[in-house]
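Before any comments, here is the structure.
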There are 2 protein chains.
Amino acid sequence: MISLKQIHYALAVEKYLHFKNAADHCSVSQSALSTAINELEKQLGVAIFERDNKKVLVTELGKSILQQARKIKLDVDELQMLATMHKQPLSMPMSIGVIPTIAPYLLPKVLPGVRRAYPESQLKIVEDKSNVLVDMVRRGELDTAILALPFPHEGLIAFEFWQEDFYWITHKDDALAKRSQIRSDEMDVSHLLLLKDGHCLKEHALAACHLPESQNDSNFSATSLTTLVQMVAGKLGSTLVPEMALDALVNNSSELSAVHLDEPGPHRTLAFLIRPNYVGTANIESLIKQIQTQLKH
Amino acid sequence: MISLKQIHYALAVEKYLHFKNAADHCSVSQSALSTAINELEKQLGVAIFERDNKKVLVTELGKSILQQARKIKLDVDELQMLATMHKQPLSMPMSIGVIPTIAPYLLPKVLPGVRRAYPESQLKIVEDKSNVLVDMVRRGELDTAILALPFPHEGLIAFEFWQEDFYWITHKDDALAKRSQIRSDEMDVSHLLLLKDGHCLKEHALAACHLPESQNDSNFSATSLTTLVQMVAGKLGSTLVPEMALDALVNNSSELSAVHLDEPGPHRTLAFLIRPNYVGTANIESLIKQIQTQLKH
DNA sequence: TTGATTAATAAAATTAATTAATTAGAATTT
DNA sequence: AAATTCTAATTAATTAATTTTATTAATCAA
């Protein structure tokens, strides 16, 4: 049976094209490495390297074999990472994409707790729109992305971890501002201010209100919730924001009032997306536990 | 460093959930297997199996680890297969998809030779339309597919191995039947009989003639070249067939005449399609060599 | 209790791996 | 032409590991 050691040595020889240097790199004697390579070639019954007393080169078949060997080594590394991450969640560097309608409200609430619980953690945060993040996860440029569902994510796996409702934000002077609940058919939809196309929050807000996209006035649109509520404060209309944004955007304002949107079902669902074969699911689960603890105060 | 032996043993324990049976299956003593598993768990620092004197079960983490272990084992098997196939091409079972406008003309010319050169070979042939075959290759249901390019095949790799021209088939009584060459603008395109939509030969034939698809009379269409030439023999029109089909369809007919289509460039290109990580490229290369020898007579 | 199982363990035997020194072939230098 | 310097392969002694066989301890069933 071929061994991982043989594979390891063969990859070293490929890298250095020199038995002694490869042996040094592997911290073994040239003899040990030599016999391991010979044994590997004997077991496979083919030549991987062509060597004489002056030079070493890789056979055509050897290239394919070493390619496959590299794949095996990666898989073994992943297996070991699985175990490591189970022992020490978040001990590995991790890149996380977050959409702009979640990042500024979720991260300040959650990151300090994560820092405290996992001082070793090295999180790299990327903020971008849902479709960009999904593509980056697919391409392996991100380990995971936090976004709001529903959003198409074929080929990826979603770990849903939070559900929240929308609140209708209007000026305190508005006749309906004192209500505790409001239905979408009671609002003045013609002055509903929402984010630009491409931000999923717009679609989710409209979907929560059972409104078609076309009905929205696209003359007024912004790229951040902060801008939107400024516009509401300026009596240009009303808007809808998710619950987790209330603290930052509305609660300290003397101009604004938040009314719970009374429509059935949770209005948006937050989830981590990962590739099906991502080995860090233990990390995701740890993060979710942290986030849920923090969000529940 | 963890070893493939440990992985092998762990997978056996997962399968039997019983150390002794797993050991028997691996042809080692229970003790040897036990220590290997213990060592593996120690090296990883986590428990894969939960065991007492009466039962063995897999931990939650163990399931992930064994899943990864299976992947490693598959990769190792593939590496060994790479070597084996280099030593004895086509010694592995192989499934090949072929489109209907290639299969009946190419296979009889080629398979006997393959049988002779590689008596060990076990080829499974599937005949279907290009799009079906491409999907099957993508899903791994076929090792490879032989079809005519151009045809969309994103994500797959094409090994082009043959180029051929079209011949215009008409009744011997036709005024142009004696010509040795004909250009598409000299034909009566209104009675050009072609295959049904979905067969790539139709598109390739039209493309070779620089004709748009709409120009073709869709009232007359067939699902096989055999039917088409029967229609031509019945003086219902003319058709275009690739060179390799001439022998079977035209050459022994007293009714039909074949005229070389005089349009620039090769009219269709035959190719093997494989997944980028298919390990049997050596097989493909052997087959191509065989096919090219046979086709050149 | 007794007998049949189980996985783990201990000690002996076997097998494999490692090191250090050597060999042999080829290129380069003297 | 001879000596030197590379190279990978080989050899032999040592060390480490693995495996086997036999045994132990625990559990369950009769």
Side-chain angles (χ1 to χ4, degrees), chain A residues 1-63 65-66 69 72-73 76 80, chain B residues 1-63 65-66 69 72-73 76 80:
Chain A
M1 188 192 285
I2 70 172
S3 70
L4 293 177
K5 192 175 55 178
Q6 290 168 326
I7 286 175
H8 186 220
Y9 290 175
L11 289 173
V13 172
E14 181 194 32
K15 181 173 173 187
Y16 292 99
L17 292 178
H18 189 293
F19 275 57
K20 184 59 168 59
N21 295 352
D24 289 347
H25 174 255
C26 297
S27 312
V28 293
S29 67
Q30 172 262 316
S31 158
L33 183 135
S34 240
T35 41
I37 297 286
N38 282 325
E39 183 62 21
L40 175 62
E41 292 186 321
K42 187 180 149 199
Q43 285 166 335
L44 293 179
V46 299
I48 300 173
F49 302 104
E50 208 178 300
R51 47 203 182 277
D52 58 20
N53 302 333
K54 217 59 206 177
K55 63 187 178 302
V56 175
L57 38 94
V58 182
T59 65
E60 206 51 44
L61 172 64
K63 285 176 193 165
I65 288 180
L66 290 166
I72 293 169
K73 204 164 111 68
V76 171
Q80 286 172 318
Chain B
M1 191 192 284
I2 70 171
S3 70
L4 293 177
K5 191 172 56 180
Q6 289 169 327
I7 286 174
H8 186 221
Y9 290 174
L11 289 172
V13 173
E14 181 194 32
K15 181 175 174 188
Y16 292 99
L17 293 177
H18 189 294
F19 275 57
K20 184 59 166 60
N21 294 353
D24 289 347
H25 175 256
C26 298
S27 312
V28 292
S29 68
Q30 172 261 314
S31 164
L33 182 136
S34 240
T35 41
I37 298 285
N38 282 325
E39 183 61 21
L40 175 61
E41 291 185 320
K42 186 179 148 200
Q43 285 167 335
L44 292 179
V46 298
I48 300 172
F49 302 105
E50 209 177 301
R51 46 203 183 278
D52 57 23
N53 301 333
K54 214 61 204 176
K55 62 188 181 301
V56 174
L57 38 93
V58 183
T59 65
E60 205 49 46
L61 172 64
K63 286 177 192 165
I65 289 181
L66 290 165
I72 293 169
K73 203 165 115 61
V76 172
Q80 286 171 318

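Because only heavy atoms are used, hydrogens play no part in the values below, and waters and symmetry mates are left out as well, while side chains stay in. Throughout, protein chains are lettered first and strands after them, A, B, ... in sequence-line order, and every chain is numbered starting at 1.
Taking both residues in full, the closest heavy atoms of L11(A) and K73(A) are given as CD1-CD, 3.4 Å, listed atom of the first, atom of the second, then distance. Scanning all heavy atoms of the two residues, the minimum distance from A22(A) to Y16(A) falls at CA-CD1, 3.8 Å. Taking every heavy atom of both residues into account, A47(B) and T59(B) meet most closely at O-OG1, 2.9 Å.
Taking side-chain N and O atoms only, Y9(B) has no distance below 4.0 Å to OP1 or OP2 of dT18(D). For the pair K55(B) and dA26(D), the criterion of a side-chain N or O lying under 4.0 Å from OP1 or OP2 is not met. One finds no side-chain N or O of S34(B) lying less than 4.0 angstrom from the OP1 or OP2 phosphate oxygen of dA7(C). OP1 and OP2 of dT6(C) both lie 4.0 Å or more from every side-chain N or O belonging to R51(B).
As a whole-Å value, the separation of F19(B) CZ from dA26(D) P is 18 Å. Here the C1' atom of nucleotide dA8(C) and the CD1 atom of I37(B) are 13 Å apart, to the nearest Å. As rounded to whole Å, 13 Å separates atom C1' of dA8(C) from atom CD of E41(B). The CE atom of M1(B) sits 15 Å away from the C1' atom of dA17(D) (whole-angstrom rounding). At whole-Å resolution of the value, NE2 in H8(B) and C1' in dT18(D) are 17 Å apart. In this structure, CG of L33(B) is placed 10 Å from P of dT20(D), rounded to the nearest angstrom. Between the P atom of dA8(D) and the OH atom of Y16(A) lies a distance of 14 Å, rounded to the nearest Å. In this entry the distance linking CD of Q6(A) with P of dT18(C) reads 11 Å, nearest Å.
Taking only distance into account, the side chain of T35(A) never meets the base of dA9(D) through a donor-acceptor pair shorter than 3.5 Å.
When the nearest nucleotides of DNA chain C are assigned to N21(B) and S31(B) by heavy-atom distance, the more 5′-ward of the two goes with N21(B).
Among the nucleotides dT18(C), dT10(D), dT19(D), the one closest to any side-chain atom of A32(A) is dT18(C). Listed candidates were dT6(C), dT20(D), dA9(D). Nearest to the side chain of H18(B) is dT6(C). Here dA8(C) is the nucleotide among dT19(C), dA8(C), dT19(D) with the atom lying nearest to any side-chain atom of N38(B). The side chain of Q30(B) sits closest to dA7(C) out of dA17(C), dA8(D), dA7(C). Out of dA8(C), dA8(D), dT18(C), the shortest distance to the side chain of K20(A) is found at dA8(D).
Ring-plane geometry between F19(A) and F49(A) is classed as perpendicular, the angle between the planes exceeding 60 degrees on a 0 to 90 degree scale with a lower cut at 30.
Judged by distance alone, with hydrogens and angles left aside, the side-chain atoms of Q30(B) form no donor-acceptor pair with the main-chain N or O of A23(B) at under 3.5 Å.
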